Amino acid sequence: QVQLVESGGRLVQAGGSLRLSCAASGRTFSSYTMGWFRQAPGKEREFVAGITRSGGDTYYTDSVKGRFTISRDNAKNTVYLQMNSLNPEDTAVYYCAASVAPGGSNWPGAFGYWGQGTQVTVSS
């Protein structure tokens, strides 16, 4: 099992940047594909970005390509989401998730472990 704790969410102005972090417990962090999802009020949870076990491959939803970057440090059991050029449509609770699948999925059901979420609010 793995436990996930997100941090870094806060209020930021449009055009600004934030870096979210997700710290994982356990010694098998490198065996999980990691992902970031978000959920805005009244909307379904949506995939944002994913990264394979080694960090060699990353994938993104179209709306964040070129603005967000996912990365991981397996030595620190941490995955990051660097978010640039933020706009109000990025406002949501952001969740970190872990999957035992090899990678490439953007389906929430493929991720068996979730953090509690961190709020990102972008003001216009």
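Residue indices begin at 1 and follow the sequence shown. If you're wondering where the values come from, they're calculated on a predicted model, not measured in any experiment.
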### Task
Measure from the ring center of W114 to the ring center of F37 and say whether it is less than 6.0 Å.
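Here the rings of F37 and W114 have centres that are less than 6.0 Å from each other.
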### Query
Relative to Y94, does R38 satisfy both conditions: NZ or CZ under 6.0 angstrom from the six-membered ring centre, and within 45 degrees of the ring's axis?
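That pair does not qualify as a cation-pi contact.
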### Query
Is the cationic atom of R72 (NZ for Lys, CZ for Arg) positioned less than 6.0 Å from the six-membered ring centroid of F29 and within 45 degrees of its normal?
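Yes, cation above the ring, under 6.0 Å and within 45°.
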What's the shortest heavy-atom distance between [X] and [Y], and which atoms?
X    : Y    : value
F111 : S105 : CE1-O, 3.7 Å
A14  : S124 : CB-CA, 4.3 Å
L81  : A49  : CD1-CB, 4.1 Å
V120 : L18  : CG1-CD1, 3.8 Å

Whether [X] side chain and [Y] backbone form a donor-acceptor pair below 3.5 Å:
X    : Y    : result
E6   : Q116 : yes
Y59  : G104 : yes
T69  : Q82  : no
R53  : T33  : no
T118 : S7   : no
S17  : N84  : no
T52  : D57  : yes

Euclidean distance, [Y] [atom2] relative to [X] [atom1], rounded to 0.5 Å:
X    : Y   : atom1 : atom2 : result
I51  : S71 : CD1   : OG    : 6.0 Å
S54  : N74 : OG    : CG    : 8.0 Å
Y113 : Y32 : OH    : OH    : 4.5 Å
S30  : D73 : OG    : CG    : 11.5 Å
S63  : E46 : OG    : CD    : 5.5 Å
T78  : L20 : OG1   : CG    : 12.5 Å

With clusters defined by side-chain heavy atoms of hydrophobic residues (ILVMFWY) lying less than 4.5 Å apart, directly or transitively, does [Y] cluster with [X]?
X   : Y   : value
M34 : F47 : no
V2  : Y80 : no
Y60 : V79 : yes
V93 : L86 : no

#### Entry: Heavy-atom side-chain contact between F68 and T61 under 4.5 Å
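Sidechains of T61 and F68: no contact.
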### Message
Is there a side-chain contact between L11 and S123 in this structure, where contact means two heavy atoms from C-beta onward sitting under 4.5 Å apart?
### Response
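The answer is yes; the side chains approach within 4.5 Å.
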### Query
With no hydrogens and no angle check, do the side chains of E89 and T91 hold a donor and an acceptor under 3.5 Å apart?
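No.
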